[in-house]
Asks: 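Have a look at the structure that comes next, please.
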Amino acid sequence: MLDALTVATAVAALALAAWCGFAAYRDQPTKDWHFIGMAVVSLLATVQLIVGIVLLSRGEKPDQGTTIFVAYLIGAFACIPAAGFMSLAERTRWGSVTVAAGGIVLAVLQVRLYDIWGG
């Protein structure tokens, strides 16, 4: 895995979590700007999914198993879009809380992906 991409994705996810957490603190739902932030973080997760698949197809293997690595890659890819869709269903401050929680979960998944790969 690319360490810089993993760190960038985790930092962007934590920044999104802080931003949406601040919106929840101010009793605001997710707004268009938050969805742009979610798109940026989702793009990073998509790039990481593609890089992971390319590395696996070239024959490189994660230390803790390919199946669990692919499962974590897919979970990281789907984390922010799922939180974004749930925030659309809940147009109160709790929608912002949902996205903030999704950002924290994505950052934790990045750490776990790093560990699974052998970092």
Side-chain angles (χ1 to χ4, degrees):
M1 289 297 297
L2 299 176
D3 294 343
L5 179 60
T6 302
V7 170
T9 306
V11 168
L14 289 175
L16 178 67
W19 187 22
C20 290
F22 184 65
Y25 172 75
R26 295 186 334 194
D27 200 25
Q28 295 178 344
T30 51
K31 300 194 184 241
D32 291 342
W33 290 107
H34 295 118
F35 286 99
I36 292 170
M38 285 184 252
V40 170
V41 174
S42 296
L43 179 66
L44 288 170
T46 302
V47 170
Q48 187 176 44
L49 175 70
I50 293 167
V51 167
I53 290 171
V54 166
L55 290 175
L56 289 174
S57 67
R58 289 188 352 198
E60 297 184 39
K61 299 289 180 192
D63 287 349
Q64 297 182 20
T66 302
T67 304
I68 193 163
F69 179 74
V70 170
Y72 271 89
L73 269 178
I74 293 170
F77 169 73
C79 182
I80 296 298
F85 282 121
M86 289 193 310
S87 77
L88 284 173
E90 183 61 48
R91 299 302 296 167
T92 64
R93 72 184 293 177
W94 296 105
S96 295
V97 170
T98 302
V99 176
I104 293 169
V105 167
L106 180 58
V108 171
L109 288 173
Q110 296 304 305
V111 172
R112 186 67 182 120
L113 277 168
Y114 180 78
D115 288 341
I116 292 169
W117 189 260

Asks: With ring-ring contact (aromatic ring centres under 6.0 Å, His included) as the rule and sequence neighbours excluded, what pairs involving residues 87-111 come up?
Replies: none

Asks: Do Phe69 and Leu5 share a hydrophobic cluster (ILVMFWY, side-chain heavy atoms under 4.5 Å, transitive)?
Replies: yes

Asks: Rounded at 0.5 Å granularity, tell me how far SG in Cys20 sits from CD in Gln28.
Replies: 10.5 Å

Asks: Is any side-chain heavy atom of Gln110 closer than 4.5 Å to one of Tyr114?
Replies: no

Asks: Could you go through Ile80 and Leu16, starting from their C-alpha distance and side-chain angles, then the distance that decides it, and tell me whether this counts as side chain to side chain contact (heavy atoms under 4.5 Å, CB included)?
Replies: CA-CA 10 Å; Ile80 296 298; Leu16 178 67; 4.0 Å; yes

Asks: Less than 4.5 Å apart, any side-chain heavy atom of Thr6 and any of Leu113?
Replies: no

Asks: Side-chain contact, heavy-atom cut-off 4.5 Å: Glu60 with Trp117?
Replies: yes

Asks: Same hydrophobic cluster for Tyr72 and Val111, using side-chain heavy-atom links shorter than 4.5 Å among ILVMFWY?
Replies: no

Asks: Could you tell me which residues satisfy side chain to side chain donor-acceptor pair (under 3.5 Å) with Thr30, sequence neighbours excluded, listed by chain and number?
Replies: Ser87, Arg91

Asks: Quick check: is Leu55 connected to Ile74 through a chain of hydrophobic side chains (ILVMFWY, heavy atoms under 4.5 Å apart)?
Replies: yes

Asks: May I ask you to test the Val70-Leu56 pair for a side-chain heavy-atom distance under 4.5 Å?
Replies: yes

Asks: Do Val108 and Arg112 have side chains that approach each other closer than 4.5 Å (heavy atoms only, starting at C-beta)?
Replies: no

Asks: Let's go through Thr98 and Glu90 carefully: what are the C-alpha distance in whole Å and the side-chain angles of both, what is the deciding distance for side chain to side chain contact (heavy atoms under 4.5 Å, CB included) to 0.1 Å, and is it a yes or a no?
Replies: CA-CA 9 Å; Thr98 302; Glu90 183 61 48; 5.7 Å; no

Asks: Specify the closest pair of heavy atoms between Gly84 and Met38, including all atoms of both residues, with the distance to one decimal.
Replies: CA-SD, 3.6 Å

Asks: Please say yes or no: joined through hydrophobic side-chain contacts below 4.5 Å, possibly via intermediate residues, are Leu43 and Val41 part of one cluster?
Replies: no

Asks: Does any part of the side chain of Pro29, heavy atoms only, come nearer than 4.5 Å to the side chain of Thr92, both counted from C-beta?
Replies: no

Asks: Is any side-chain heavy atom of Val51 closer than 4.5 Å to a side-chain heavy atom of Gln48?
Replies: no

Asks: Of all heavy-atom pairs between Val97 and Ala24, which one has the smallest distance, and what is that distance?
Replies: CG2-CB, 3.5 Å

Asks: Measuring from Leu73:CG to Ile53:CD1, what's the distance to the nearest 0.5 Å?
Replies: 7.0 Å

Asks: Could you identify which residues cluster with Val11, counting Ile, Leu, Val, Met, Phe, Trp and Tyr as linked when any side-chain heavy atoms lie under 4.5 Å apart, either directly or through a chain of such contacts?
Replies: Val7

Asks: With a 4.5 Å cut-off on side-chain heavy-atom distances among I, L, V, M, F, W and Y, is there a chain of contacts connecting Met86 to Val105?
Replies: no

Asks: Between Phe77 and Ala45, what is the shortest heavy-atom contact and its length?
Replies: CA-CB, 4.1 Å

Asks: I'd like to know whether CG of Asp32 has more than 12 heavy-atom contacts from other residues, nucleotides or ligands below 6.0 angstrom.
Replies: no

Asks: Checking the side chain of Arg93 only, and the main-chain atoms of Asp27 only, is there a donor and an acceptor separated by less than 3.5 Å?
Replies: no

Asks: Would you say Trp19 and Val99 make side-chain contact, with heavy atoms under 4.5 Å?
Replies: no

Asks: Please report the closest heavy-atom contact between Val54 and Ser57, naming both atoms and the distance.
Replies: O-OG, 2.8 Å

Asks: If you take all heavy atoms of Ala12 and Leu44, which pair is closest and at what distance?
Replies: CB-CD1, 3.7 Å

Asks: Testing the basics here: between Ala10 and Ala107, what is the closest heavy-atom pair and its distance to 0.1 Å?
Replies: O-CB, 4.0 Å

Asks: Looking at CG of Leu49 and OG of Ser42, how far apart are the two atoms once the value is rounded to the nearest 0.5 Å?
Replies: 11.5 Å

